[in-house]
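Take a look at the structure below.
The structure presented is a predicted model; accordingly, all values stated were derived computationally and were not measured. Reminder, nothing fancy here: chain letters follow the sequence lines and each chain counts from 1.
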Number of protein chains: 2
Amino acid sequence: MISVEEIVNRLREQGERLTLQRRMVLDVLCQEGDHLSVHHVQQQLAEQGRDLTETTIYRVLQWLKERGIVSQTDLGQSGVVYQVIGLRLHHHLICLNCHQEIELDDQVMEALRALLRRDYHFEPRMDHMAFFGLCQVCQDYHSE
Amino acid sequence: MISVEEIVNRLREQGERLTLQRRMVLDVLCQEGDHLSVHHVQQQLAEQGRDLTETTIYRVLQWLKERGIVSQTDLGQSGVVYQVIGLRLHHHLICLNCHQEIELDDQVMEALRALLRRDYHFEPRMDHMAFFGLCQVCQDYHSE
DNA sequence: CTACATGCAAATCCTTTGCATCCAC
DNA sequence: GTGGATGCAAAGGATTTGCATGTAG
């Protein structure tokens, strides 16, 4: 489990500047955990009476992403979402037809990761992927 | 190898309406093959003295995508590109740091495709993927 | 003939930028 | 004190929409 304290300490050790706004965004990310959009982060904070500009949220999330703290995922119709890396590691299968989102265990990525490391000397950052295709129901329907 | 004729015939058999504009977009996609953006398609056509509105290009590409004729890929910094599926099948590794793009043989996707089909009854449409991470040079640099 | 596709202009959505002010270290 | 972060307003870019007109089947 990952806590805000843990992340803050890690960043401080790296000599990063910890502002109130950065802590606020991290708070929400750790509380909510899943699939937070920029707008969603702002809403959550507003409900707690803590206001942040969208601009700042974009900048903080970008900053966290560059430091490997959060992942950024484009879920297609559901937009772009952010998530603390390591907090409930998983991925998604998204149906192009009915837009159903199926959750995918991280384990399925291991073989591909290993292959990319070994054969391409590439260090993948596949922390929250979205794969598109057709779910079983829509496959059957399409082939009728 | 896939030709415009072949695609047009396939669509006609499905009862799709074949307009001049749709043929024009298909022409460019089959001629150029690789990584065509909406803007790029428009430019290519303009050079041949054949003008199309961006709106129409968006609509045609969307239409082709829904019918499984073209793939749509977000390459990150390099934007969104389209490509005829089956025409030089490949994928990309993209460095988050230096933005280098490494080409990836389609073969590496087979195991994951098989797993998604078998364990999730999901028919993946992974025809032109982009995976992000760090290339060897940037890994070494980052760890200094 | 008719339903569907296109062109144009305008709207919309998401994200970034410039610049003055503020604050963490 | 000072460099970097924030807030605000405005710009930017990509994509979508409404509606009149055109055209494939």
Side-chain angles (χ1 to χ4, degrees), chain A residues 4-5 7-28 35-43 45-46 49-67 69-70 72-82 96 99 130, chain B residues 4 7-28 35-43 45-46 49-67 69-82 96 99 130:
Chain A
V4 177
E5 293 316 311
I7 296 170
V8 166
N9 288 337
R10 209 197 308 171
L11 288 167
R12 206 197 303 279
E13 279 167 21
Q14 291 168 18
E16 300 290 351
R17 183 178 295 209
L18 265 296
T19 64
L20 179 58
Q21 289 86 344
R22 287 176 177 175
R23 284 166 195 275
M24 284 162 64
V25 172
L26 275 172
D27 278 348
V28 173
H35 303 179
L36 281 270
S37 67
V38 169
H39 188 64
H40 197 155
V41 168
Q42 191 178 41
Q43 275 189 319
L45 285 170
R50 311 198 281 170
D51 290 331
L52 265 199
T53 323
E54 278 200 324
T55 307
T56 301
I57 299 172
Y58 274 108
R59 288 196 272 224
V60 171
L61 288 170
Q62 177 68 26
W63 180 78
L64 288 168
K65 185 186 157 195
E66 283 166 4
R67 276 147 195 82
I69 310 290
V70 309
Q72 183 188 44
T73 310
D74 188 344
L75 295 177
Q77 192 183 248
S78 301
V80 175
V81 297
Y82 298 83
L96 288 165
H99 305 107
Chain B
V4 176
I7 296 171
V8 166
N9 287 338
R10 208 197 308 172
L11 288 167
R12 205 197 304 279
E13 278 167 22
Q14 291 168 17
E16 300 290 352
R17 184 177 294 208
L18 265 295
T19 64
L20 180 57
Q21 289 87 343
R22 287 174 176 174
R23 285 165 195 274
M24 283 163 65
V25 172
L26 275 171
D27 279 346
V28 173
H35 303 177
L36 281 270
S37 67
V38 169
H39 186 65
H40 196 154
V41 168
Q42 192 178 41
Q43 275 189 320
L45 286 170
R50 311 198 281 171
D51 290 331
L52 267 199
T53 323
E54 278 200 324
T55 306
T56 300
I57 299 171
Y58 274 108
R59 289 197 271 225
V60 171
L61 288 170
Q62 177 68 25
W63 179 80
L64 288 168
K65 184 185 156 194
E66 282 165 5
R67 277 148 195 81
I69 310 289
V70 307
S71 61
Q72 182 188 46
T73 310
D74 187 344
L75 295 177
Q77 193 183 248
S78 301
V80 175
V81 297
Y82 298 83
L96 289 165
H99 305 108

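Between the CG atom of A:Asp51 and the P atom of D:dG7 there is a distance of 10 Å, given to the nearest Å. To the nearest angstrom, C1' of D:dA14 lies 14 Å from CG of B:Leu61. D:dT15 atom P lies 16 Å from atom NE2 of B:His40, rounded to whole Å. Atom CD in A:Gln77 sits about 15 Å away from atom C1' in D:dT15, given to the nearest Å. For the pair B:Asp74 CG and D:dT15 P, the computed distance is 9 Å after rounding to whole Å. Here C:dT15 presents its C1' atom at 9 Å from OH of A:Tyr82, a figure rounded to the nearest Å. Following rounding to the nearest Å, B:Arg23 (CZ) and C:dA5 (P) show an atom-to-atom distance of 15 Å. Per the geometry, CD belonging to B:Gln42 stands 13 Å off C1' belonging to C:dC8, to the nearest Å.
Side chain of A:Leu18, nearest nucleotide from C:dC25, C:dA5, D:dC8: C:dC25. Taking only side-chain atoms of B:Leu52, from C-beta outward, the nucleotide of C:dT17, C:dG7, D:dA5 with the closest atom is C:dG7. Considering only side-chain atoms of B:Arg59, the nucleotide from C:dA24, C:dG7, D:dT15 that sits closest is C:dG7. When distances are taken from the side chain of A:Thr53 to each of D:dA5, D:dG7, D:dG25, the shortest belongs to D:dG7. Nearest to the side-chain atoms of A:Tyr58 among the listed nucleotides D:dT16, C:dC14, D:dA24 stands C:dC14. For B:Trp63, counting side-chain heavy atoms from C-beta on, the closest listed nucleotide (C:dT15, C:dC8, C:dA5) is C:dA5.
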Only distances under 3.5 Å count here; give the side-chain donor-acceptor pairs of residues 16-26 of chain A to other protein atoms, sequence neighbours excluded, each with its distance to 0.1 Å.
residue, atom, partner, partner atom, Å
A:Glu16, OE1, A:Arg67, NE, 3.3
A:Glu16, OE2, A:Arg67, NE, 2.8
A:Thr19, OG1, A:Arg22, N, 3.2
A:Arg22, NH1, A:Arg17, O, 2.7

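Note on B:Val38: nothing from the nucleic acid sits closer than 4.0 angstrom, heavy atoms only.
For A:Gln21 and C:dC23, the shortest distance from a side-chain N or O to OP1 or OP2 is not below 4.0 Å. Taking 4.0 angstrom as the limit, B:Arg17 places none of its side-chain polar atoms (N or O) nearer than this to OP1 or OP2 of D:dT23. Contact between the side-chain N/O atoms of A:Thr56 and the OP1/OP2 oxygens of D:dG7 is found at a separation under 4.0 Å. Remark: A:Thr19 is in phosphate contact with D:dT6, judged by side-chain N or O atoms under 4.0 Å from OP1 or OP2.
DNA chain C is contacted by both B:Thr55 and A:Leu20; B:Thr55 maps to the nucleotide lying nearer its 5′ end (nearest heavy atom per residue). In terms of position on DNA chain D, the residue among B:Glu54 and A:Arg22 whose nearest nucleotide sits closer to the 5' end is A:Arg22.
No side-chain heavy atom of A:Val60 sits less than 4.5 Å from a side-chain heavy atom of A:Val41. Two residues are said to be in side-chain contact when any heavy atoms from C-beta on lie closer than 4.5 Å; A:Val80 and A:Asp74 meet this criterion. Side-chain contact between B:Gln42 and B:His39 is present, with at least one heavy-atom pair separated by less than 4.5 Å. Between B:Val38 and B:Tyr82, some side-chain heavy-atom pair lies under the 4.5 Å cut-off.
In terms of heavy atoms, B:Val70 sits closest to B:Leu61 at CG2-O, 3.9 Å.
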